[in-house]
2 protein chains.
Amino acid sequence: MGVGIKDVARAAGVSPATVSRALGKGPVSEELRALVEAAVRSTGYRPNLAARRLRSQDSGTIGLVVADIRNPFFTAVSRVVEDCAYRAGMRVILCNTDEDPEREALYLRLMQEERLTGMIFAPTRATLDQLAHRALDFPVVLIDRAGPGGQHDAVVLDNHEAVGDLVAHLVERGYRRIGGLFGNASTTGLQRRDGYVAAMQRFGLQPDFRLLAPSAEAALQLLRAWLADPQRPEAIVASNSLLLMGTLRAAREAGLAIPQDLAVAGFDNENWTELVEPGITVIEQPVEEIGRAAMSLLFERLKTPTLPVRKLVLSGRCVARGSTASRTS
Amino acid sequence: MGVGIKDVARAAGVSPATVSRALGKGPVSEELRALVEAAVRSTGYRPNLAARRLRSQDSGTIGLVVADIRNPFFTAVSRVVEDCAYRAGMRVILCNTDEDPEREALYLRLMQEERLTGMIFAPTRATLDQLAHRALDFPVVLIDRAGPGGQHDAVVLDNHEAVGDLVAHLVERGYRRIGGLFGNASTTGLQRRDGYVAAMQRFGLQPDFRLLAPSAEAALQLLRAWLADPQRPEAIVASNSLLLMGTLRAAREAGLAIPQDLAVAGFDNENWTELVEPGITVIEQPVEEIGRAAMSLLFERLKTPTLPVRKLVLSGRCVARGSTASRTS
DNA sequence: ATTGGGTTGGAAATCGTTTCCACTCCCCTG
DNA sequence: CAGGGGAGTGGAAACGATTTCCAACCCAAT
């Protein structure tokens, strides 16, 4: 029922091999190429990608495995990755792991079966640690999360610097008791925690932070107690947008005015951080550049597999808004 | 280099056919099945999906083609779709069309080459109109956008009712000059416009709306002029979240207090609509149900291709917040 | 006129599975 | 006891393209 390359060949009066070459980049005379193209149009032929992949041993597919596509950071990255991929004539398969190592393992197996051309991956800590032992037969580029060293190319934010900027910004504006909220599932949360501690110590201040599950609900719960404390922080730094939302809810619930009663700063320059009154001070990640860079690293490694491992560390941009206005009291 | 089914067969001392049956659901004795499984583990065999798809004539892949994954409505739907798909052992390919009919045509071709099992599609008006003429060889379920009649299953919001609820809500609270902002790229925008006009007339009020490109920037531009008009609306209904954001920016820019100077209501109950002060009144779409229903329709049609065309119309839920508080003056 | 290099087109092998078909057992029934 | 039927197994074809190999051809140079 399906029209195959043989039907096109018959219609054009040539051999299947010639059709293949005419459609691909093989050497074919100009007139034959035209003939074939006409035959393709008249028959309505569409190549069968499964067959092509099987024979050519190239899936032309890249895997994108992230925690949750609903996290705006990953949403934005995925968009860039897909654009790059389609422009290069490749397809993308997306997987959501929900920070669950078991699902990561499952999808890693699946990706092997797909015979991926390459993969872009934001792993949990657990999987990151054992990624070295696992033999994948395609190149992997890590995004957002990567340990020191490591065997794979990676594109990450300079978390140490970024959180340092945030702390410095707050100190400059007169805040001293600065609390931290960090996600415990990824290396990113831990790196930001480390950067926070280092920055606080640099300023001679006492670090005071909590590690917790990266969800707005968890942040809300935790802050209910924390903000009730008479020694509550004057400012909160939240390590991702979910924790940031939880923080705002908690502040509102406790009747605390921002920034008079509680200053707030976070990560990811989403639209709403500007729409809220007052606007929220955040570190903006260069999401588009992260996506593009990841694809570039991947393509370069595909072209030259022997390249040394590269780790790209990009800087965030501190967007100052009303939530961290100078302390008046 | 790659370990194939023949290697497993040799290791287990059986024929490739038996291995295939042992891994699939063919009839195999229990002992042989165990033998094969041991051989699979010892050889580290992973089936080649390309070969499997070619032979079995089933790609096990569903295509998800939407305007832009960064639109939170589509983000949420995609997450549900992927979960359903993976649970059913299928893969998902995602495409962003940016509301561009040419890209839609391109991806439709691509999807044909993939020999998709099925597709979930949010088309532009242009493509929707000519979708009937185009012969796809896989079932399609439309989401978010669908015309009257139509040849494909669909899951849509009851736009007429939803926008009617919004208008009624505003009228109840004393607003009379209610303006509308509707996207011009999709049938959804037009349906909401129609519902708006009908509702206004039902209340004996004069409709006053604008059709525009669905972007925050476009809304901001347009509202700059509109809000400067002495006859400016007392309330604005925005047909999607981008237009809603543009509206809020414009109101702030013009120094209009919400809701005293301008009431605002929109679509899609995103997190930030609650975080903003005052909260924004919106229609919440049952995104998860939409995704699940789309997949159900698709699976049922795959099982029974002769089913009559079904169109599921789901109701939204009006979430009232401060942006439409009762008019006092 | 013959040789040789460079194109061009066709036949056939190949990719890794699944599936069809034939065959063997073995049990059950008439 | 013979024959029918079902389950389990192996061999080989088939899926639809790409790619390799080789024959045929053209043209120029010896």
Side-chain angles (χ1 to χ4, degrees), chain A residues 1-37 39-40 43-61 89 91 109-110 112-117 137-138, chain B residues 1-37 39-40 43-61 89 91 109-110 112-117 137-138:
Chain A
M1 44 173 170
V3 27
I5 205 173
K6 301 196 128 187
D7 304 302
V8 179
R10 200 172 316 120
V14 298
S15 81
T18 304
V19 175
S20 174
R21 279 188 289 248
L23 266 40
K25 52 183 177 319
V28 188
S29 65
E30 212 37 64
E31 49 181 345
L32 270 197
R33 183 182 301 271
L35 207 62
V36 167
E37 273 166 15
V40 165
T43 56
Y45 166 74
R46 289 282 115 207
N48 182 318
L49 289 185
R52 186 196 300 251
R53 287 180 181 134
L54 174 58
R55 174 62 230 218
S56 67
Q57 298 288 73
D58 177 9
S59 68
T61 301
R91 263 138 305 283
R109 259 208 312 283
L110 236 62
Q112 297 248 73
E113 300 186 357
E114 290 281 357
R115 302 296 192 268
L116 279 193
T117 299
D137 27 44
F138 44 77
Chain B
M1 42 175 171
V3 29
I5 205 172
K6 302 196 128 188
D7 305 301
V8 178
R10 201 172 316 120
V14 298
S15 79
T18 301
V19 175
S20 174
R21 279 186 291 248
L23 266 39
K25 53 183 177 325
V28 188
S29 66
E30 212 38 61
E31 49 181 344
L32 271 198
R33 183 182 301 271
L35 210 60
V36 167
E37 274 166 15
V40 165
T43 55
Y45 167 75
R46 289 281 115 209
N48 182 318
L49 290 184
R52 175 178 303 197
R53 288 181 181 133
L54 173 59
R55 173 62 230 214
S56 66
Q57 298 289 72
D58 177 8
S59 68
T61 300
R91 261 136 309 281
R109 260 207 313 283
L110 236 63
Q112 297 247 73
E113 300 185 357
E114 291 281 358
R115 303 296 193 269
L116 279 192
T117 300
D137 26 45
F138 44 77

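Proteins come first, then strands; the chains are lettered A, B, ... in the order of their sequence lines, and each starts at number 1. What you see is a predicted model; the values in this text were computed from it and never measured.
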Closest nucleotide among [options] to the [X] side chain:
X	options	answer
Pro27(A)	dG16(C), dT8(C), dG10(D)	dT8(C)
Ala17(B)	dC15(D), dG11(D), dT18(D)	dG11(D)
Arg21(A)	dG11(D), dC21(D), dG16(D)	dC21(D)
Thr18(A)	dC15(C), dG9(C), dT17(C)	dG9(C)
Val28(B)	dG16(C), dT9(D), dG16(D)	dT9(D)
Leu32(B)	dG8(D), dT9(D), dT18(C)	dT9(D)
Leu54(B)	dT18(D), dC15(D), dT17(C)	dC15(D)

Euclidean distance, atom [atom1] of residue [X] to atom [atom2] of [N] [Å, nearest integer]:
X	N	atom1	atom2	result
Asn48(A)	dT18(D)	CG	P	10 Å
Glu114(B)	dG16(D)	CD	P	16 Å
Arg53(B)	dT19(C)	CZ	P	15 Å
Arg55(A)	dT20(D)	CZ	P	7 Å
Asp58(A)	dG16(C)	CG	P	14 Å
Ile5(A)	dC15(D)	CD1	C1'	14 Å
Arg10(B)	dG10(D)	CZ	P	14 Å
Arg46(B)	dC15(C)	CZ	C1'	20 Å

Respond yes when some side-chain nitrogen or oxygen of [X] is under 4.0 Å from OP1 or OP2 of [N], and no when none is.
X	N	answer
Gln57(B)	dG16(D)	yes
Ser20(B)	dT18(C)	yes
Tyr45(A)	dA17(D)	yes

- request: First locate atom OG of Ser59(B), then atom CZ of Arg115(B), and finally report the distance between them rounded to the nearest 0.5 Å.
  value: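 Between atom OG of Ser59(B) and atom CZ of Arg115(B) there are 10.0 Å.
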- prompt: When rounded to the nearest 0.5 angstrom, what is the spacing between CD in Gln57(B) and CG in Asn48(A)?
  reply: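 Gln57(B) atom CD to Asn48(A) atom CG measures 7.0 Å (nearest 0.5 Å).
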query: Of all residues at least two apart in sequence or in a different chain, which pass the salt bridge (charged side-chain N to carboxylate O under 4.0 Å, His left out) check with Asp137(A)?
result: none
- request: Would you classify Ser29(B) as touching base, sugar-phosphate or nothing, given that sugar-phosphate means primed atoms plus P, OP1 and OP2, and contacts are heavy atoms under 4.0 Å?
  value: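 Counting heavy atoms under 4.0 Å across all strands, the contact made by Ser29(B) is with sugar-phosphate only.
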message: What contact category does Arg33(B) fall into here, base, sugar-phosphate, or nothing, at under 4.0 angstrom with non-hydrogen atoms?
response: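 Here Arg33(B) touches no strand at all.
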task: Decide salt bridge (Lys or Arg N to Asp or Glu O under 4.0 Å) for Glu113(A) and Arg52(B); before the verdict, give the C-alpha distance in whole Å, the side-chain angles of both, and the deciding distance to 0.1 Å.
output: CA-CA 10 Å; Glu113(A) 300 186 357; Arg52(B) 175 178 303 197; 5.7 Å; no
Nearest atoms (heavy-atom pairs only) where Thr43(A) meets Val3(A):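 For Thr43(A) versus Val3(A), the nearest heavy atoms are O-CG1, 3.8 Å.
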Side-chain touch Arg91(A)/Leu49(A), heavy atoms, less than 4.5 angstrom: yes
task: Go through the steps for Val36(A) and Arg33(A) under the test side-chain contact (heavy atoms from CB on, under 4.5 Å), then give the verdict.
output: CA-CA 5 Å; Val36(A) 167; Arg33(A) 183 182 301 271; 5.8 Å; no
- request: Take the C1' atoms of the five end pairs on each side of the helix from dA1(C)-dT30(D) to dG30(C)-dC1(D), get both axes, and report the angle to 10 degrees.
  value: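 Both end axes considered, the difference amounts to 50°.
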field: Backbone of Gly60(B) reached by a side-chain donor or acceptor of Thr117(B) within 3.5 Å
entry: yes
